[in-house]
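Here the structure is laid out as structure tokens; the discussion comes afterwards.
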Amino acid sequence: MSEDTGRAGQAARFLDWLASAAAEEQASDNGDDDLPLIELAELACAYAEQAFERAGGPQRALSLDCQRGCDYCCHLPVETSRAEASRALEFARENLSAEAFRELKRRIREAATAYPLSPQRPPAKNPSCPLLEDATCLVYPVRPLACRGWNSRDAAACRAAFERGVTEVTVPVDTRIRGVFANASEALLRGLTRTRRDGPTHLVPALAALIVLDRG
Ligand code: SF4
């Protein structure tokens, strides 16, 4: 099975799940479906990636100023779900050494003490995302949809917003790319809320809640 076929199948399963979530809500049925949260996050991601390709995303991305090592946006709160946070945490657990994973948990606990973050505060004063190490995302292949959609046509504007505050500086973005991932994120959250399994949260507090019972 090719990567495209696999992704198309996952995207279709995501749409099926959304339809069944809407039906459950109409029936006031709190029936739990079988799909684990992490798998739902994976299906939503496949759905978004497929939409990204169909919207000409890879071509559009060529005009962006985003590049590896640029991490201004990784100091902003990331709106997500527990499903996506779980997926990121499991990826980190599987790919980091035991010592590095313990250190990651320490950083998560520390970063969580700063929440909730004020939108007025310049991101430079926020703790960086604990999943960021040496200006690189530790969970890049499974990063949340909000992170995937975040983009910029001007890294200098990102830097100004980082230093002076996002309410002070407008960063020019590709709204089509942003929209594709925002729609998928919203759809995932809507389905999770309808099935009463999850709700909107921020990445750092969600990670902090997940590691509370984690003794690894
Ligand atoms: S998950 Fe990765 S891309 Fe998203 S804010 Fe954290 S370090 Fe940055």
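The figures here come from the full heavy-atom set of this structure, side chains too, leaving out hydrogens, waters and symmetry mates. Order of listing sets the numbers, starting from 1, for every ligand and every atom in it.
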- Task: Please answer whether the main-chain N or O of R82 pairs with a side-chain N or O of S86 as donor and acceptor at a distance below 3.5 Å.
- Result: yes

- Query: Quick check: does any side chain N or O of E133 sit under 3.5 Å from a backbone N or O of L138, one acting as donor and the other as acceptor?
  - Reply: no

- Message: Using a 3.5 Å distance criterion without hydrogens, assess whether the side chain of D198 forms a donor-acceptor pair with backbone atoms of A83.
- Response: yes

- Which of the numbered atoms in ligand 1 are below 4.0 angstrom from a heavy atom of V78? 5 (S)

- Between D71 and C74, is there a donor-acceptor pair closer than 3.5 Å when you use the side chain of the first and the backbone of the second? no

- Query: Just wondering, is there an N, O or S atom on C137 that's nearer than 2.8 Å to atom 2 (Fe) of ligand 1?
  - Reply: yes

- Query: So, E99 and R102, do they make that salt bridge, N to O below 4.0 Å?
  - Reply: no

- Item | Taking atom 8 (Fe) of ligand 1 as the reference point, the nearest protein heavy atom with its distance | C74 SG, 2.3 Å

- Task: Provide, to 0.1 Å, the distance between atom 6 (Fe) of ligand 1 and the closest protein heavy atom, together with that atom's residue and name.
- Result: C129 SG, 2.4 Å

- For R190 and A22, indicate whether the former's side chain and the latter's backbone hold a donor-acceptor pair under 3.5 Å. no

- Message: Under 4.0 Å, heavy-atom basis, I'd like to know which part of D71 is in contact with ligand 1: side chain, backbone, both or neither.
- Response: neither

- Message: So that I can check it, does any N, O or S atom in C147 come closer than 2.8 Å to atom 4 (Fe) of ligand 1?
- Response: yes

- Task: Would you kindly specify which portion of P144 sits under 4.0 Å from ligand 1, judged on non-hydrogen atoms: side chain, backbone, both or neither?
- Result: side chain

